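A quick write-up on the structure given underneath.
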Amino acid sequence: MKFYSLGNTTSHVDFKTATLKGQAEDKGLYFPATIPVLPSHFFQQIESYSKEEIAFTVMKSYLENVLPPKVLQNILDETINFKFPLVPVTGNIFSLELFHGPTMAFKDVGARFMSRCLRYFAENLTKKITVLVATSGDTGGAVAHGFYEVEGVEVVILYPSGKVSSVQELQLTTLGKNIFALEVDGNFDDCQQLVKQAFSDKDLNEKLILTSANSINVARWLPQQLYYFFAYQQWNDKTNPPVFSVPSGNFGNVAAGLLAYKSGLPVSKFIAACNENDVVPRFLKTGNYEPKKAIATLSNAMDVGDPSNFIRILELFEKDYEQLKNILVSYVISDVETKEAIKQVYKQYNYLMDPHGAVGFAALEKYIQQHTQQKGIFLETAHHLKFYELIEKIIEKNIHSDQIEKLLKKNKSSVLMKADYQIIKEFLLSK
Ligand SMILES: *Cc1c(COP(=O)(O)O)cnc(C)c1O
């Protein structure tokens with residue numbers, strides 16, 4: 001399979017090049033040249049397959065001629081070696097729990113897949129690969145854990161000092177070995193700016209193989225479609241396909257769901273569940289795409305004012321606005337509604353949601369009120385314990401667990417730095 005850039009050039013590259021580069025030279029995102037359509041018997045018999053078999057069937061055409069089948073199967077087995085349960089919450093709403101991986105967030109799947117692909121590619125390279133990533137919270141931890149002890153790859157994470165949650169910070173600063181955390185005296189935009197500068201620094205790129213593990217990387221994006229196949233496998237009412245409600249920020253996850261749909265997965269509707277960062281909901285209403293500065297909300301991993309992956313959704317539908325509107329709807333959920341959903345669902349159904357999943361739940365509930373025959377799934381993208389301080393306030397109860405206590409006892413190890421490119425560059429060259 002070849003990938004082309006959504007920028008203005010027409011050159012095609014394979015999966016390996018797309019992964020190592022992250023982004024095309026024209027700054028466009030990579031996109032698969034063809035969307036594989038899976039045979040109908042695969043969907044009819046999906047309950048008889050293991051999740052490893054499903055993963056291989058879905059992913060194989062993207063990596064043909066790049067990874068030998070055996071290698072791909074091993075990588076996938078390692079990537080998904082935890083559960084993805086579909087849990088009933090109300091009579092017609094189910095939670096797809098995507099937080100059973102090592103950092104308790106759905107980004108583990110993409111990070112684990114990408115790291116293992118790089119490990120394989122690194123074997124044939126003479127220089128070490130350095131993965132450079134800026135994080136505002138969850139990405140850093142998932143990438144750090146995904147690449148931990150992966151041979152031939154070093155990871156440098158830039159995060160804004162004092163601006164990530166305590167659990168998030170510990171997840172990215174307590175590993176050591178091939179993982180380096182740089183605590184930048186600045187905000188997330190400063191970190192992202194430094195990373196961009198490093199990627200465009202010719203001198204640095206001659207000395208190191210520098211790659212990004214941000215969510216636009218195809219190796220992080222493509223495996224996310226597996227969630228939707230795993231959900232469908234566990235869906236009882238196959239004659240009445242599910243509505244998927246996806247808590248969305250950069251729109252990689254819902255774009256992956258739409259990719260699965262284009263490959264033949266039966267779905268009634270996708271809901272892009274947004275917090276008050278409402279660029280896409282406004283686009284679906286008006287047809288105008290107007291990026292805005294991000295606003296801070298309780299679901300902070302979704303605070304994005306110009307979602308990078310939205311362009312992939314447009315490409316999937318050949319920029320046909322009407323066709324897209326038939327399958328994708330969108331709701332905006334405020335912080336007040338998010339808190340209310342967490343409280344209500346806990347009280348009434350004894351199920352605890354994190355603020356991101358709660359946005360998904362609230363959007364799905366609104367949709368079902370208008371379409372009472374439908375049943376749906378919201379993607380629970382993080383474990384509520386990652387946000388325990390907030391949840392404890394909302395439900396007025398202590399929920400501290402051993403898992404969190406263990407993490408809070410670990411010692412953070414990071415290098416505090418000014419937001420100055422020369423200092424970062426010297427650090428990268430000195431390792
Ligand atoms: C990253 C993230 C999201 C948003 O996913 P996108 O693919 O960027 O839309 C939602 N929830 C959690 C917990 C996240 O970490």
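In each ligand, atom 1 is the first atom listed, and ligand 1 is the first ligand listed. Predicted model only: the values in this text are computed from it and were never measured. Because only heavy atoms are used, hydrogens play no part in the values below, and waters and symmetry mates are left out as well, while side chains stay in.
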Quick check: does Thr381 get an N/O under 3.5 Å from an N/O on ligand 1?
yes
Tell me whether Ala105 reaches ligand 1 (any heavy atom closer than 4.0 angstrom to a ligand atom).
no
Going by the order shown, which atoms of ligand 1 are within less than 4.0 Å of some heavy atom of Asn250?
6 (P), 8 (O), 9 (O)
Should one rank Gly249, Ser215, Gly357 by closest heavy-atom distance to atom 9 (O) of ligand 1, which comes out on top?
Gly249
Considering non-hydrogen atoms of the protein only, which is the closest contact for atom 2 (C) of ligand 1, and what is the distance?
Lys107 NZ, 2.5 Å
Does Lys21 qualify as a cation-pi partner of Phe3, given the criterion of NZ or CZ under 6.0 Å from the six-membered ring centre and within 45 degrees of its axis?
no
Geometric N/O contact His356 with ligand 1, under 3.5 angstrom
no
Check this for me, if you would: do Asp278 and Lys292 make a salt bridge, where the nitrogen-to-carboxylate-oxygen distance has to be below 4.0 angstrom?
yes
Return the residue, atom name and 0.1 Å-rounded distance of the protein heavy atom closest to atom 5 (O) of ligand 1.
Phe106 CZ, 3.5 Å
Using the six-membered ring wherever Trp is involved, compare the ring planes of Phe310 and Phe283 and label them parallel, tilted or perpendicular (cut-offs 30° and 60°).
perpendicular
Set of salt bridge (Lys or Arg N to Asp or Glu O under 4.0 Å) partners for Glu47, sequence neighbours left out
Lys238
Validation row: Ser248, Phe251 side chains within 4.5 angstrom (heavy atoms)
yes
Under 4.0 Å from one or more heavy atoms of Ala382, ligand 1 contributes atoms 13 (C)
Within a distance under 4.0 Å of any heavy atom of Gly252, pick out the atoms of ligand 1 and give their elements.
6 (P), 7 (O), 9 (O)
Regarding Arg112 and Asp108, does a basic nitrogen lie under 4.0 Å from an acidic carboxylate oxygen?
no
State, with a plain yes or no, whether a side-chain heavy atom of Ile35 is found less than 4.5 Å away from one of Pro32.
yes
Between Ile394 and Tyr346, is there a side-chain heavy-atom distance shorter than 4.5 Å?
no
Which of the atoms of ligand 1 are close to Phe251, meaning less than 4.0 Å from one of its heavy atoms?
6 (P), 8 (O), 9 (O)
Is the closest N or O pair between Asn253 and ligand 1 shorter than 3.5 Å?
yes
One finds that the ligand 1 atoms under 4.0 Å from a non-hydrogen atom of Ser248 are 9 (O)
